[in-house]
Chemist: 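Here you go, one structure.
Here is the naming used below: chain letters follow the sequence lines, and residue numbers restart at 1 for every chain. Being a predicted model, the structure only gives us computed values, none of them experimental.
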Amino acid sequence: MSRPQPLSGFPELLPRQRIVEQQVVEHLGRVFELHGFANIQTRAIEPLDQLLSKGETSKEVYVLRRLQADADGGDAGLGLHFDLTVPFARYVLENSGKLNFPFRRYQIQPCWRGERPQEGRYREFWQADIDVIDQGELPAHYEVEVALVIADALRGLPIPPVRMHVNNRKLSQGFYQGVGIEDTEAALRIIDKLDKIGPDAVAKLLVDEVKASPEQAEACLNLASISASDTSFVGDIRALGVTNDLLEEGLTELAAVVEAANEAAPGFVVADMKIARGLDYYTGTVYETVMEGYESLGSICSGGRYDKLASDGKNTYPGVGLSIGISRILVPLLQAGKLDATREVPTCVLVAVANEDERSNANALAQRLRRRGVPTQVSPSAAKFGKQIKFADKRGIPFVLFANEEGTQIKDIRSGDQETIDVDQWDPPVQDLYARIVTG
RNA sequence: GUGGGCGUAGUUCAGCUGGUAGAACGCUUGGUUGUGGUCCAGGAGGUCGCGGGUUCAAGUCCCGUCGUUCACCCCA
């Protein structure tokens, strides 16, 4: 067993798959920047106490320790970040004096969680995260805006259709208060399991764990069953006859998000009262996004509003943001062959070498193409031309350039067409200049 | 962490109730005297995950171990 085995949960891509990932990341960054989000990077590690205070997920934090650290000496208490929101909140507090608010940023980096891997769940994975964070108060319209940025970003990708399910925690918790349930946080976590375990099991959990009466449990399930792609859910919820101030606040906020989103990106957002989110720092709007045909992956893009995540005691910095699970989307699609690249190298032209004495001429030709922006490489050996063409073919390089006393000829190896060209004039068709993503 | 499936060639897999290892694809050489892909003929490549046990004999049965995968948990 001398050949290394892959490490479960740490996916590594082959060159042609990486080309797909690279272009997806570039696309996302471009869209985020079109919407005025600035890019930042944060370090891979955070102090453990920072990570551990933010909910259940933190139990899966990878801890960092120097090999040389003495056995008895306490380690520094560092861990790899498990998302990009918590590091961002820390970054905002640390740099609050140097940032201008409202601050909008995007971040595309790997995250680590020590969970058992599964399809769409990895121990090292990439997230693309956008957030808007303000000082003191965060206007509600940002809850619409971040959703629309994501709509723009995801709809521009060659992936199956996606739909964003939105809820508001005030709405749910206000409703639970209104029916007389005390531990509304716990009720939320239980309702979040509805899709997985079904209504009967949820009702039982509500009765057992938050001491709900069967009637209260049924009211919660009635609420959770409501969903709509327009603001009609408001009427449906009012019809349940529960009154509560927090509920009203949530209704107003959610209605605003759904209405504005429908106007700007019809069909993208649906109000769904069973969305709750496991992370406990969310305080208002919460989002989950599913990809058509890949519902079993769970949410491929989630987030929400957090009013108290970033606070230094004096100032609080409420924010709202969403994270796209790049690995969760891409790795399954790549493995299923639904996404691929047109070639596995950036090279557009391979310059053939007739014999080794001609190599410097071939290098010079290649350099002339490169100067004009055409990715070019020179054949590794002066093998038979058939072999050199095969070299290009196996990598998906579309063109081979031949040179002799009479001039230079370019061959499109897909069609077999070959023509005499001037290397200082010739351009490949735009679609062949760079590798492209193709869907299968 | 708990429970189930699976580890055989580069890859995907076959190998019956135990009898000293097979296919397809890929790779490679030639047919093709410097232009690939098709076709034809040849070739290389495996300590059957690892360790132990049962047996005259183990890829096959048993135990352990490691890896992997699925479900639970949780989430991107």
Side-chain angles (χ1 to χ4, degrees), chain A residues 1-11 14 28 54-61 81-86 107-130 150 154 162 189 192-193 195-197 201 275-280 282 286-291 294 296-304 321-332 335 337 350 352-356 358 379 381-404 409-418:
Chain A
M1 231 211 278
S2 56
R3 210 161 50 141
Q5 299 284 305
L7 207 48
S8 176
F10 293 84
L14 290 169
L28 295 175
K54 309 302 177 188
E56 286 296 302
T57 317
S58 43
K59 289 186 181 144
E60 304 295 357
V61 167
H81 61 227
F82 56 82
D83 73 0
L84 299 177
T85 309
V86 170
Q107 219 172 316
I108 302 176
Q109 287 181 232
C111 301
W112 296 269
R113 288 181 200 175
E115 297 166 329
R116 272 283 216 286
Q118 250 173 70
E119 178 169 55
R121 289 181 48 180
Y122 311 99
R123 293 181 151 176
E124 177 178 74
F125 56 96
W126 283 73
Q127 280 195 343
D129 191 295
I130 58 166
I150 294 295
L154 290 180
V162 293
R189 274 197 300 276
D192 194 45
K193 298 177 202 288
D195 273 343
K196 271 261 163 72
I197 63 177
I275 301 300
R277 308 258 64 231
L279 292 176
D280 44 17
Y282 293 120
V286 286
Y287 315 85
E288 277 192 10
T289 313
V290 289
M291 188 159 66
Y294 292 83
S296 63
L297 290 180
S299 175
I300 53 118
C301 173
S302 307
L322 280 152
S323 297
I324 299 175
I326 295 180
S327 304
R328 175 166 285 187
I329 295 173
L330 252 31
V331 174
Q335 274 168 0
L350 178 78
V353 177
N355 59 68
E356 283 302 330
E358 295 294 320
S379 179
S381 73
K384 287 202 229 177
F385 284 149
K387 287 204 169 179
Q388 298 192 42
I389 292 169
K390 206 167 176 180
F391 176 93
D393 191 34
K394 275 162 60 175
R395 290 161 180 76
I397 300 171
F399 296 100
V400 177
L401 185 75
F402 299 96
N404 58 30
Q409 292 195 309
I410 196 91
K411 179 188 185 77
D412 182 332
I413 65 174
R414 296 159 299 187
S415 63
D417 296 344
Q418 188 166 330

Chemist: B:rU11 P sits how many Å from A:Leu14 CG, rounded?
Modeler: 12 Å
Chemist: Checking A:Ser299 side chain against A:Thr289 main chain: does a donor-acceptor pair fall under 3.5 Å?
Modeler: yes
Chemist: To the closest 0.5 Å, what do you measure between CD1 (A:Ile324) and CG (A:Leu28)?
Modeler: 5.0 Å
Chemist: Is there a donor and acceptor pair, one atom on the side chain of A:Arg121 and one on the base of B:rC74, closer than 3.5 Å?
Modeler: yes
Chemist: Taking the side chain as C-beta and beyond, is there a heavy-atom pair between A:Val400 and A:Gln388 under 4.5 Å?
Modeler: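 No, too far: nothing below the 4.5 Å cut-off.
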Chemist: Please classify the nucleic acid contact of A:Glu119 as base, sugar-phosphate, or nothing, using heavy-atom distances under 4.0 Å.
Modeler: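 Touches sugar-phosphate only.
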Chemist: Across the strands shown, which category fits A:Ile413 at heavy-atom distances under 4.0 angstrom: base, sugar-phosphate, nothing?
Modeler: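 Here A:Ile413 touches the bases of the nucleic acid.
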Chemist: Strictly by Watson-Crick or wobble contacts shorter than 3.5 Å, is anything paired with B:rA71, and which nucleotide is it?
Modeler: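 Pairing partner, where one exists within any strand: B:rU2.
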Chemist: With stacking defined as ring centroids separated by under 5.5 Å and planes differing by under 30°, is A:Phe125 stacked against B:rA76?
Modeler: yes
Chemist: On the 0 to 90° scale, with breaks at 30° and 60°, tag the A:Phe385-A:Phe402 ring pair as parallel, tilted or perpendicular.
Modeler: perpendicular
Chemist: In whole angstrom, what separates A:Gln118's CD from B:rU69's C1'?
Modeler: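 Those two atoms, CD and C1', are 9 Å apart.
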Chemist: Would you indicate what A:Ala382 reaches in the nucleic acid, counting non-hydrogen atoms under 4.0 angstrom: base, sugar-phosphate, or nothing?
Modeler: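 Counting heavy atoms under 4.0 Å across all strands, the contact made by A:Ala382 includes a base.
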Chemist: Touch check for A:Ile397, heavy atoms < 4.0 angstrom, all strands: base, sugar-phosphate only, or nothing?
Modeler: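 Nothing: the residue A:Ile397, judged by heavy atoms under 4.0 Å, touches no strand.
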Chemist: Rounding to an integer number of Å, can you tell me how far A:Tyr287 OH sits from B:rA76 P?
Modeler: 14 Å
Chemist: Paired with B:rG43: which nucleotide, if any, by Watson-Crick or G-U wobble criteria at under 3.5 Å for both distances?
Modeler: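 Across all strands, the one nucleotide that pairs with B:rG43 is B:rC27.
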Chemist: Report yes if a side-chain nitrogen or oxygen of A:Ser8 is closer than 4.0 Å to either non-bridging phosphate oxygen (OP1 or OP2) of B:rG67; otherwise report no.
Modeler: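 No.
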Chemist: Base, sugar-phosphate, or nothing: which does A:Arg414 touch, judged by heavy atoms less than 4.0 Å apart?
Modeler: base
Chemist: Over how many whole Å does the gap from A:Arg123 atom CZ to B:rG67 atom P extend?
Modeler: 10 Å
Chemist: Look through every strand shown and name the nucleotide pairing with B:rG36 as Watson-Crick or G-U wobble, where both distances are under 3.5 Å.
Modeler: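 B:rG36 is paired with nothing.
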Chemist: Classify A:Tyr122 by what it touches in the nucleic acid, base, sugar-phosphate, or nothing, heavy-atom distance under 4.0 Å.
Modeler: base
Chemist: Out of B:rU2, B:rC73, B:rU35, which has the shortest distance to the side chain of A:Lys193?
Modeler: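 Within the option list, the nearest is B:rC73.
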Chemist: With the side chain counted from C-beta on, respond yes when A:Asp412 and A:Phe399 share a heavy-atom pair under 4.5 Å apart, and no when they do not.
Modeler: yes
Chemist: Going by modelled atom types, is there a donor-acceptor pair between the base of B:rG37 and the side chain of A:Asp393 at under 3.5 Å?
Modeler: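 Answer no: no donor N or O sits under 3.5 Å from an acceptor.
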Chemist: So which protein N/O to nucleotides 25-27 of chain B N/O distances come out below 3.5 Å?
Modeler:
none

Chemist: Quick one: A:Ile275 CD1 to B:rA76 P, roughly how many Å, whole number?
Modeler: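 After rounding, the gap between these two atoms is 12 Å.
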Chemist: Whole angstrom is fine here: how far is it from CD1 in A:Ile326 over to C1' in B:rA76?
Modeler: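 Distance check: A:Ile326 CD1 to B:rA76 C1' gives 10 Å.
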Chemist: Looking at side-chain heavy atoms only, is the closest gap between A:Val86 and A:His81 below 4.5 Å?
Modeler: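 A:Val86 does not reach A:His81 side chain to side chain.
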Chemist: Verify, without hydrogens or angle tests, whether A:Arg123 (side chain) and A:Pro117 (backbone) share a donor-acceptor contact under 3.5 angstrom.
Modeler: no
Chemist: Supply the atom-to-atom distance A:Tyr294 OH to A:Glu119 CD, rounded to the nearest 0.5 angstrom.
Modeler: 8.5 Å
Chemist: With sugar-phosphate meaning primed atoms plus P, OP1 and OP2, does A:Cys301 contact a base, only sugar-phosphate, or nothing at under 4.0 Å between heavy atoms?
Modeler: sugar-phosphate
Chemist: Students often get this wrong, so: under 4.0 angstrom with heavy atoms, is A:Ala354 touching a base, only sugar-phosphate, or nothing?
Modeler: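 Base: the residue A:Ala354, judged by heavy atoms under 4.0 Å, touches a nucleobase.
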Chemist: Distance check needed: B:rA76 P versus A:Leu84 CG, whole Å only.
Modeler: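 Going from A:Leu84 (CG) to B:rA76 (P), I get 11 Å.
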Chemist: Of A:Asp129, A:Ile326, A:Leu84, which is the lone residue that meets side-chain contact (heavy atoms from CB on, under 4.5 Å) with A:Gln109?
Modeler: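 Only match with A:Gln109 under side-chain contact (heavy atoms from CB on, under 4.5 Å): A:Leu84.
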Chemist: May I have the distance from A:Gln418 (atom CD) to B:rG36 (atom C1'), rounded to whole angstrom?
Modeler: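 Nearest whole value for this atom pair: 12 Å.
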Chemist: Given that both distances must come in under 3.5 Å, which nucleotide forms a Watson-Crick or G-U wobble pair with B:rG18?
Modeler: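 Check on B:rG18: unpaired, no WC or wobble geometry under 3.5 Å.
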Chemist: Tell which nucleotide pairs with B:rG64, taking only Watson-Crick or G-U wobble pairs whose two distances are both under 3.5 angstrom.
Modeler: B:rC50
Chemist: Identify whether any heavy atom of A:Lys387 sits under 4.0 Å from a base atom; if not, whether one sits that close to sugar-phosphate; answer base, sugar-phosphate or nothing.
Modeler: sugar-phosphate
Chemist: Determine which nucleotide pairs with B:rU55, using a 3.5 Å limit on both distances of a Watson-Crick or G-U wobble pair.
Modeler: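 Result: none.
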